[in-house]
2 protein chains.
Amino acid sequence: MADGSTPRRTRPSKAERREEILAAATRVFGSKGYHAGSLVDVAEQVGITHAGVLHHFGSKDKLLWAVLEYRDRVDVEHLEGQHIPGGLDLFRHLMTTARINADRRGIVQAYSVLTGESVTDGHPAAAWVTERFTVLRGEIATALLQVALERGVALEEARARSAASAVIGVMDGLQVQWLLDPDAVDLAQETAFAIEAILAAVLAGPAAPRVVPAG
Amino acid sequence: MADGSTPRRTRPSKAERREEILAAATRVFGSKGYHAGSLVDVAEQVGITHAGVLHHFGSKDKLLWAVLEYRDRVDVEHLEGQHIPGGLDLFRHLMTTARINADRRGIVQAYSVLTGESVTDGHPAAAWVTERFTVLRGEIATALLQVALERGVALEEARARSAASAVIGVMDGLQVQWLLDPDAVDLAQETAFAIEAILAAVLAGPAAPRVVPAG
DNA sequence: CGCTACTTACTTACCTGTCAGTAACTGTGC
DNA sequence: GCACAGTTACTGACAGGTAAGTAAGTAGCG
């Protein structure tokens with residue numbers, strides 16, 4: 001294991017150093033946010049100066065973009081081999097993710113902080129977050145349509161997209177509540193409950209009785 | 001309407017000025033976030049210097065706290081007379097709020113930005129946001145229990161609290177998606193759909209068939 | 001006159017980004 | 001296997017900007 005405090009005998013390779021910086025930046029931006037987290041914070045964690053960080057990434061914005069790309073790459077590698085699940089398996093996967101996330105506070109915080117910050121005016125991560133939502137909505141809507149087809153339930157695409165937005169929304173919203181008050185919210189359980197509820201509503205079809213009469 | 005650019009004939013009273021500053025601070029913190037929004041930004045909108053703002057509020061933290069209190073006060077005044085709805089009416093109210101919010105981007109952004117930022121380490125608004133969630137969860141859970149009672153459906157308190165968390169989560173999560181991509185998400189419709197789904201799931205009882213078999 | 005609401009001017013503290021210099025490593029010719 | 005040249009990965013110092021907060025002075029109003 002690399003020791004960050006004592007000087008190492010051999011200088012790490014360029015790729016290694018970049019990864020170290022990316023990991024540190026993920027932690028810093030994740031815990032303090034992009035704006036409040038400084039290059040000095042990141043550099044300290046790697047044991048170099050902030051100028052060293054800039055040597056590798058050019059600017060703070062570029063570092064953020066690299067962090068986001070890095071996350072994408074790591075996420076994809078993690079799913080490598082195991083094809084992206086579709087149909088009902090996708091929802092099982094989402095529930096599992098929530099369960100796993102309950103033990104990965106740092107990652108959840110990073111995601112929530114960056115997502116929340118991205119809605120500020122002119123934030124450099126806005127495009128990335130927007131794209132991520134678009135892709136996710138598409139995948140979930142597709143899985144929903146697939147499940148509906150398998151069960152012979154009529155499902156309009158617009159309705160599938162509504163449900164997809166809701167699934168993503170409830171996952172993100174619960175994460176924020178859980179981060180602020182872990183004792184008050186059981187991330188895994190509440191997420192599973194909500195996804196289940198939305199799924200049931202979609203599969204019940206549009207003719208299902210409304211609980212709240214149209215006002 | 002007060003004119004911020006040209007000097008006014010009479011100096012506003014202390015209370016008036018404080019309200020002006022609070023309104024300006026709400027806009028600034030709402031659009032840029034607390035950390036990125038500066039006292040100079042706030043002061044400019046009122047037509048004074050940042051030291052003038054500090055004269056009234058002492059520090060930036062105290063200004064934020066005053067903004068949060070201010071929001072609470074305004075929200076309560078807005079509901080004055082009209083008792084806080086309970087039972088099914090609460091959910092109708094939530095859906096109506098979402099519909100109204102679709103035309104109040106600024107307010108939604110302010111709420112989302114502050115909530116998202118609050119999960120960063122040591123954020124001064126964390127306690128306020130946490131408290132807000134706790135109160136909301138309680139109110140929604142109570143309303144759910146009331147509806148269940150009226151309909152003769154068995155509902156455990158824990159399950160009601162799960163559903164309450166989910167309702168809040170989905171509302172917040174959808175707001176973020178809508179802010180980033182208003183064309184992709186119909187805030188009012190998706191919110192109504194999700195609340196309806198969660199409500200239906202709760203009222204169907206725990207014995208209702210699961211869509212996703214326990215894994 | 002005396003209080004309040006400021007402004008002006010300043011301090012202190014960061015933060016990003018630049019730049020010149022340096023030490024370590026890498027490749028090459030021999 | 002080793003000297004030398006070139007490249008890379010930094011450091012340290014600093015420029016330029018912006019932030020919060022303070023203190024002393026001033027203008028207007030009761």
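Just so it is clear, the model here is predicted, and its values are computed rather than measured. Both backbone and side-chain heavy atoms feed into the values below; hydrogens, waters and symmetry mates do not. In what follows, every chain begins at residue 1, and chains take the letters A, B, ... in the order their sequences are listed.
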Report yes if a side-chain nitrogen or oxygen of A/R18 is closer than 4.0 Å to either non-bridging phosphate oxygen (OP1 or OP2) of D/dA9; otherwise report no.
no

When you measure from the side-chain N and O atoms of A/R17 to the phosphate of D/dC10, is any distance below 4.0 Å, counting only OP1 and OP2?
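Yes, because at least one side-chain N or O of A/R17 sits under 4.0 Å from OP1 or OP2 of D/dC10.
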
Report the distance from atom [atom1] of [X] to atom [atom2] of [N], rounded to the nearest whole Å.
X     : N      : atom1 : atom2 : result
B/L54 : D/dA19 : CG    : P     : 13 Å
B/H55 : C/dT4  : NE2   : P     : 9 Å
A/K62 : C/dT16 : NZ    : P     : 15 Å
A/L63 : C/dC15 : CG    : C1'   : 14 Å
A/K14 : D/dT8  : NZ    : P     : 7 Å
B/E19 : C/dA5  : CD    : P     : 15 Å
A/E44 : C/dC15 : CD    : P     : 9 Å
B/D61 : D/dA19 : CG    : P     : 16 Å

Measure from the side-chain N and O atoms of [X] to the backbone N and O of [Y], and report whether any donor-acceptor pair falls under 3.5 Å.
X      : Y      : answer
B/Y34  : B/D61  : yes
B/Q146 : B/G86  : no
B/D103 : B/I100 : no

Sorted by first residue and then second, give each salt bridge (charged side-chain N to carboxylate O under 4.0 Å, His left out) pair with at least one member in [range]; sequence neighbours left out.
range                       : result
residues 174-188 of chain A : A/D181-B/R137
residues 110-133 of chain A : A/D75-A/R132
residues 158-180 of chain B : none

Quick one: do the A/W178 and A/N101 side chains pair a donor with an acceptor below 3.5 Å?
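Note: A/W178 and A/N101 side chains miss the donor-acceptor criterion.
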
Please identify each residue that fulfils ring-ring contact (aromatic ring centres under 6.0 Å, His included) with A/H35, with sequence neighbours left out.
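In terms of ring-ring contact (aromatic ring centres under 6.0 Å, His included), with neighbours along the sequence ignored, A/H35 is linked to B/H35.
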
For nucleotides 8-13 of chain C, give me every protein contact, N/O to N/O, under 3.5 Å, one pair per line with atom names.
none

Could you tell me whether B/R18 and B/E69 make a salt bridge, using a distance below 4.0 angstrom between a side-chain N and a carboxylate O?
no

Please list, in numerical order, the residues of residues 24-43 of chain B that have a heavy atom closer than 4.0 Å to any atom of DNA chain C.
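Listed by number, there are none.
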
